[in-house]
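Whatever order the structure lists ligands and atoms in, that order sets their numbers, starting from 1.
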Amino acid sequence: MRMLLIHSDYLEYEVKGKALKKPEEIKEDQKIGKLDEVLAVFMSVEKVDEQNPDEVVDKAIKEIEDVASQVKTKNIFVYPFAHLSSELGSPEIALKILKKIEEKLKEKEYNVKRAPFGYYKAFKLSCKGHPLAELSRTIVPGE
Ligand SMILES: Nc1ncnc2c1ncn2[C@@H]1O[C@H](COS(=O)(=O)NC(=O)[C@@H](N)CO)[C@@H](O)[C@H]1O
């Protein structure tokens, strides 16, 4: 898994269309979303992650918690992003992993939004620009 973590004044998105034949089903109120004072986490799930999705989820959570505590926010935006890797995992597994990450962060009392999976989305992001505001992490199961 490849993650790009951007500490932002806000992230807002608007669904514009289907990017997959079968994107995840969403309700009307999920077609737009916004969080302020947020750690935006753009994630590309990779083929290698399919070897051990649970381990990838746990490692991703650890990385996200680590950065969130450093930048002092409890607001997390889980954002599916297919452009951080040329070895993308299947949409089915990717969605499962992203949903699990959202679920586990909520269990840990984070305020979490997840952007809809399988759609083209317009988004606006306001990076804060401090030294820890732009970070990336790579997670490989078994390493
Ligand atoms: N492995 C993945 N990791 C993260 N998001 C993914 C992944 N696969 C699909 N998606 C989701 O599905 C959307 C489209 O995925 S995609 O791989 O870019 N596919 C397409 O764009 C197709 N229109 C042509 O391939 C992405 O924007 C993202 O929301």
*For atom 25 (O) of ligand 1, decide whether some protein heavy-atom distance is shorter than 4.0 Å.*
no
*asked:* Check whether Tyr10 reaches the backbone of Lys124 with its side chain - one donor and one acceptor, N or O, closer than 3.5 Å.
replied: no
*Which residues pass the ring-ring contact (aromatic ring centres under 6.0 Å, His included) test with Phe117, sequence neighbours left out?*
none
*Mark up the atoms of ligand 1 that fall under 4.0 Å of a heavy atom belonging to Gly89, in ascending order.*
1 (N)
*atom 18 (O) of ligand 1: nearest protein contact (heavy atom, Å)*: Ala82 CB, 3.5 Å
_Name the residue from His130, Lys128, Gln70 that meets the side-chain hydrogen bond (donor to acceptor under 3.5 Å, both in side chains) definition with His7._
His130
_Nearest-neighbour protein heavy atom for atom 23 (N) of ligand 1, which is reported as residue plus atom name and distance_ = Ala19 O, 2.7 Å
*Ignoring hydrogens and geometry, is there a side-chain-to-backbone donor-acceptor pair from Gln30 to Lys27 under 3.5 Å?*
yes
*Among protein heavy atoms, which sits nearest to atom 27 (O) of ligand 1, and what does the distance come to when rounded to 0.1 Å?*
Tyr119 O, 4.0 Å
*asked:* Could you identify the single nearest non-hydrogen protein atom to atom 7 (C) of ligand 1 and state the distance to 0.1 Å?
replied: Phe117 CZ, 3.9 Å
*Check each atom of ligand 1 against the heavy atoms of Tyr120 and keep those under 4.0 Å away; list them by number with element.*
21 (O), 23 (N)
*Closest to atom 4 (C) of ligand 1 (judged by heavy-atom distance), picking from Met43, Glu50, Lys47*: Met43
_atom 2 (C) of ligand 1: nearest protein contact (heavy atom, Å)_ = Ala94 CB, 3.6 Å
*Would you please classify the geometry between the Tyr79 ring and the Phe77 ring as parallel, tilted or perpendicular, with 30° and 60° separating the classes?*
tilted
*With no hydrogens and no angle check, is any side-chain donor or acceptor of Lys121 less than 3.5 Å from a backbone partner on Pro116?*
yes
*Are any of the N or O atoms of Val45 closer than 3.5 Å to those of ligand 1?*
yes
*Which ligand 1 atoms, with their elements, are less than 4.0 angstrom from a heavy-atom of Phe81?*
4 (C), 5 (N)
*Mind checking whether Tyr13 and Tyr119 have ring centres under 6.0 Å apart?*
no
*List the closest protein heavy-atom neighbour of atom 17 (O) of ligand 1: residue, atom name, distance to the nearest 0.1 Å.*
Leu88 CD1, 3.5 Å
*Asp36 CG to Ser8 OG distance, which is reported to the nearest 0.5 Å*: 10.5 Å
*Could you tell me the residue and atom name of the protein heavy atom closest to atom 29 (O) of ligand 1, and the distance to it rounded to 0.1 Å?*
Gly118 N, 3.0 Å
*Residue and atom name of the nearest protein heavy atom (relative to atom 19 (N) of ligand 1), distance in Å to one decimal*: Leu20 CD2, 3.9 Å
*Is there a donor-acceptor pair under 3.5 Å between the side chain of Lys59 and the backbone N or O of Val140?*
yes
